[in-house]
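Heads up, the thing below is written out as structure tokens.
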2 protein chains.
Amino acid sequence: MVARSNDATAEVDRLFRALADGTRRDIVRRTLTREATVSELAASYDMSFAAVQKHVAVLERAGLVTKHPQGRERLVRGNPDAIRRAQALLDRYEDIWRGRVERLDALLADEDT
Amino acid sequence: MVARSNDATAEVDRLFRALADGTRRDIVRRTLTREATVSELAASYDMSFAAVQKHVAVLERAGLVTKHPQGRERLVRGNPDAIRRAQALLDRYEDIWRGRVERLDALLADEDT
DNA sequence: TGAACGTGCAACCATATGGTTGTATATGGG
DNA sequence: CCCATATACAACCATATGGTTGCACGTTCA
């Protein structure tokens, strides 16, 4: 009976969940190179403005993008730190597989680093 | 209007979606070091056998684990290749952010490599 | 052979998700 | 000041998800 579902776990859930949608991944990709307003993003996809706005909100909650008010617009900017956080998590799995995990409790620990 | 939602996209959706659950991540972690039967896994979590069996099925569809029949049991084995596939995808985002993407169309391409 | 075990799967339920439309609020420009 | 624009958010709907219980089926073994 492994101890689970702490705050860190919920955070990781949100991170991977946010990445599990093509439109959202596209938004992240776009805003990593150049920030864009919500309207600009919305124009790119075949769905309502509100739908895109919701996707941005999901990404923001997951930490994958940040929003920066600029007058009446919000500049959406991809957050490379969140990407690296996801990478770090996957790296842990690689480590586990390669038996590179030194402390035994690291095997039991989830993402609460 | 970016072209989206091809087969590769659906596959990536499944991959990240599968990782967006703590119980499933735990199963992956466990089975990366040592294969386990579905029953053994089920004993570890505070939910029904069927629930765990469903989680394993989700992981299997995402390619994160493979199942190997052994008599009446199924040995569940974590698949490091799927982890690496996820890593490769995230690496692409890093590359994009660092402006390391050479071909311009790589910016538009999603995960259909 | 028959009982117990391991697994898969269907049916069901509550809640979450991803979309819609409509409305409210704030900002910018004429 | 008014109007158009940019965003946010609520209400609603269909479908997906994550859990449950119950049953069917193959395998092991006494």
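Chain identifiers are assigned alphabetically (A, B, ...) following the order of the sequence lines, protein sequences preceding nucleic acid strands; residue numbering begins at 1 within each chain.
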Check the phosphate of [N] against [X], side-chain N and O only, distance under 4.0 Å to OP1 or OP2. Yes or no?
X       : N      : result
B/Thr37 : C/dG6  : no
B/Arg74 : D/dT27 : no
B/Arg61 : D/dT17 : no
B/His55 : D/dG19 : yes
A/Lys54 : C/dT20 : no

Handout entry: Given D/dA8, C/dT20, D/dT17, the nucleotide with the shortest approach to the side chain of A/Gln53
Key =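 It is D/dA8.
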Problem - Nearest listed nucleotide, side chain of A/Phe49, among C/dG8, D/dA8, D/dG19 - result: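 That would be D/dA8.
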Handout entry: Ion pair A/Asp81/A/Arg84, N-O distance below 4.0 Å
Key =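 Answer for the salt bridge query: yes.
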Problem - A/Arg29 and A/Asp26 ion-paired at < 4.0 Å - result: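 Result for this pair is yes, salt bridge flagged.
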Problem - With B/Glu11, the salt bridge (charged side-chain N to carboxylate O under 4.0 Å, His left out) member among B/Arg17, B/Arg61, B/Arg85 - result: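 Of the listed residues B/Arg17, B/Arg61, B/Arg85, the salt bridge (charged side-chain N to carboxylate O under 4.0 Å, His left out) partner of B/Glu11 is B/Arg85.
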Exercise for the section: Nearest-nucleotide wise, let me know which of A/Ala20 and A/Arg72 is further upstream toward the 5' end of DNA chain C. Expected result: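 Whichever sits nearer the 5' end wins; that is A/Ala20.
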Exercise for the section: Please tell me which of A/Ala50 and A/Arg24 maps to the more 5' nucleotide of DNA chain C, matching each residue to the nucleotide holding its nearest heavy atom. Expected result: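 Of the two residues, A/Arg24 wins.
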